[in-house]
Number of protein chains: 2
Amino acid sequence: MSQKVFVSAQEVADRAGVSRSAVSRAFTPGASVSPETRRKVLEVADALGYHVNHLARGLMRNESGIVCLIVSDLASPHRSGLIKVLTQELQHSGKIAMLVNTDLSDGSVDLALRQAIRYRADASIILSGMPDKSITQLCLKSGQRLILINRDDEQDGPFRINLDDEEAAGRILTAFLRAGCRKLAFANSQAGTPSLMARESGFVAAARAQGLDVVVERYGWTSYESGRVLAQRLLTRSQRPDAVFCATDLLACGFMDAARHQFSISVPQQLCVAGFDDIEHASWASYQLTTFAQPLTTIAREAVSWLESGPVANPEGRASAIRLHADLVWRGTIRGG
Amino acid sequence: MSQKVFVSAQEVADRAGVSRSAVSRAFTPGASVSPETRRKVLEVADALGYHVNHLARGLMRNESGIVCLIVSDLASPHRSGLIKVLTQELQHSGKIAMLVNTDLSDGSVDLALRQAIRYRADASIILSGMPDKSITQLCLKSGQRLILINRDDEQDGPFRINLDDEEAAGRILTAFLRAGCRKLAFANSQAGTPSLMARESGFVAAARAQGLDVVVERYGWTSYESGRVLAQRLLTRSQRPDAVFCATDLLACGFMDAARHQFSISVPQQLCVAGFDDIEHASWASYQLTTFAQPLTTIAREAVSWLESGPVANPEGRASAIRLHADLVWRGTIRGG
DNA sequence: GCGGCATTTGCACGCGCTTGCAAGGTTTGC
DNA sequence: GCAAACCTTGCAAGCGCGTGCAAATGCCGC
């Protein structure tokens, strides 16, 4: 293929009149090398355009510096926002992100993890889907660290970061009730993701505790289009809801557009709407959606700081998880406030 | 750090009763190995959870399989859409994407390219910013391939993929004129990206050719918020424009929201608007924006197929670039059609 | 001037893998 | 039946680097 000819440490050593080990040490923080030698080496290296080969370094150090991000539906606002802060935080701590898109086939989360193993990634962060238990075990046994974000898994071993979806659902119910709503609905996708289901069941349970029923409708993917379809279904019922909690902002946007433009329902006068994620459009003038903000930065920081925290205390991958709080962002789609 | 203990080829060899070379060959397509040996090896490998170490393989083969994506503003709809198709196509051709976020400091495109060199990436694809010429030369000299997307650079060596922005600008002018608009405006960000500037100058030039003037306004980043500010500036002029070409859909969304909700101007009756990119929201009911579609899939395919096309014909990095056509997506923000 | 110590340097080995080379085994043609 | 051709296989070298170890250097106090 391409004749790649990178400058090697040997060339730098020769030009600087030192041994190859000296070059190696010059690029290793804290190594035993005199300041003057280091300076000389760095100078020559810069002039020659030398860069440490991280493939080889990873081989020796048994630590590649690579962290694998496993994600599907990568173009959705929430996902891309999360990826953005994750890459930022990772780079900040000297690591580099490898991105695996799992949109294609089905068992591809497993395939993605295998890819991570091949490149000897220090860790994998899973944002979508759910790996098979066997492959999870393989990763852990190999010493790879695993982080699940909003996956709410029962498996022990991986580090899990979740939001308190049920609690949020309870809060939004209170807001609906205070606005005088009684005919409640929940609009969900059919994805069946744990966090989506937690929002749903949390909302239903909270309503039931108040003696109220919730009409639950699920359809398709977590997308704008699904939101429209859900509106179609929920707003044509004989008992039209006066408050809808959408599992996601994207659904909420589609829902609102259908409600306004198709059914000429005014929000929030005739219908209260809430979403989840606080994607960018939620704040746009056309939506002004009341929703829950995902603490993206906190999630990323927690993930990275767990990675930095050294070896797992308990060798037999002990359970470890945190649950974060989602702030309610109050805008204009719920009356009162 | 973490005691990573991956299964090695030696262990597989021992268990399968073959030499280490046999294992290596079993995992190399087209290598000289009997079908039976290969089967045996793969079986044992699977049982043991062996995975070829791509760091070591990359070291030997002088080809890591890594392609570095260098990008800023990663959460914007257009960027994330591009990243999505790029990762897809790369994975399809057996490569893996490394993601470098350049949001932080300024010279960080250069830093990103250095990172790509360290990991001996087979190629780098630059979606944002502009690398220094010296570092570009270093990459090329090292045998790294370079792709610039929508960067419209003059440098020879890198492969450049661009859109025909000027031609698109001409087409949108025709559409405006046909709708009876004569008071033209162009809303741009201050980013000064070549493609944004090409849209602007193309539009201005086309208008001038028709004897018409264009009011050009530039402000801030390429964002929704900037669109609102631009609307503020353009719609309060004594001579209010009746047609605005926004350099980007995001700007157009902000512009339209401000026009409607703040100035109570109806689109397209009183004001025609066009954007560029065809991001997802452009098709949403609240916007129905007439815009140009970036041929994302084609861009990604062209990029990857250029990577696969083997060594550069001309050793001294010859110029090589393509210019793609942006389709006009006709929706509801221009009268007539 | 010299022994003791701390610092710096070079040597050589190994990380896990690929691959040229030659040896061994099997098939084919005559 | 034997040589030539082919397919497989193992050996060993080497990819670029980090690092333990021992040798070399420099410094200090006496």
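Within every chain, numbering begins at 1; the chains are lettered A, B, ... in the order of the sequence lines, protein sequences first and strands thereafter. These values consider heavy atoms only, across backbone and side chains, with no hydrogens, waters or symmetry-generated copies.
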Exercise for review: Keeping to residues at least two apart or across chains, list the ring-ring contact (aromatic ring centres under 6.0 Å, His included) pairs with something in residues 118-137 of chain B.
Suggested key: H54(A)-Y119(B)
Exercise for review: Ignoring hydrogens and angles, tell me if any N or O in the side chain of R151(A) forms a donor-acceptor pair with the backbone of L148(A) under 3.5 Å.
Suggested key: no
Which pairs, protein N/O on one side and nucleotides 16-20 of chain D N/O on the other, fall under 3.5 Å?
| residue | atom | partner | partner atom | Å |
| --- | --- | --- | --- | --- |
| dC17(D) | OP1 | Y50(A) | OH | 2.8 |
| dC17(D) | OP1 | N53(A) | N | 3.3 |
| dC17(D) | OP2 | A9(A) | N | 2.7 |
| dC17(D) | N4 | R20(A) | NH2 | 3.1 |
| dG18(D) | OP1 | R57(A) | NE | 2.5 |
| dG18(D) | OP1 | R57(A) | NH2 | 2.9 |
| dG18(D) | OP2 | S24(A) | OG | 2.3 |
| dG18(D) | O5' | S24(A) | OG | 3.3 |
| dG18(D) | O6 | R20(A) | NH2 | 2.8 |

Check your understanding: Between the main-chain N or O of A26(A) and the side-chain N or O of R38(A), is there a donor-acceptor pair closer than 3.5 Å?
Key -> yes
Practice item. Could you check whether S32(B) gets within reach of a base, just the sugar-phosphate, or nothing at all, counting any heavy atom under 4.0 Å? Key: base
**Study point:** Those residues that, when tested against D14(B), pass side chain to side chain donor-acceptor pair (under 3.5 Å) (two or more places apart)
**Key:** Q10(B)
Check your understanding: If you draw a 6.0 Å radius around CZ in R15(A), do more than 12 non-hydrogen atoms from other residues or ligands fall strictly inside?
Key -> no
Exercise for review: For residues F6(B) and Y50(B), establish whether the separation of their ring centroids is below 6.0 Å.
Suggested key: no
Check your understanding: What is the 5' to 3' range of DNA chain C, first to last nucleotide, that sits under 4.0 Å from any heavy atom of chain B?
Key -> dG16(C) to dG20(C)
Exercise for review: Could you tell me which residues satisfy side chain to side chain donor-acceptor pair (under 3.5 Å) with N53(A), sequence neighbours excluded, listed by chain and number?
Suggested key: none
Check your understanding: Is it true that a side-chain atom of S108(B) and a backbone atom of T102(B) form a donor plus acceptor pair closer than 3.5 Å?
Key -> yes
Check your understanding: How sharply is the helix from dG1(C)-dC30(D) to dC30(C)-dG1(D) bent, taking the axes over five pairs at either end and rounding to 10 degrees?
Key -> 30°
Check your understanding: Does the distance from a Lys or Arg side-chain N to an Asp or Glu carboxylate O, for E43(B) and R39(B), drop under 4.0 Å?
Key -> yes
**Study point:** Pairing of D122(B) and R145(B) as salt bridge, 4.0 angstrom limit
**Key:** no
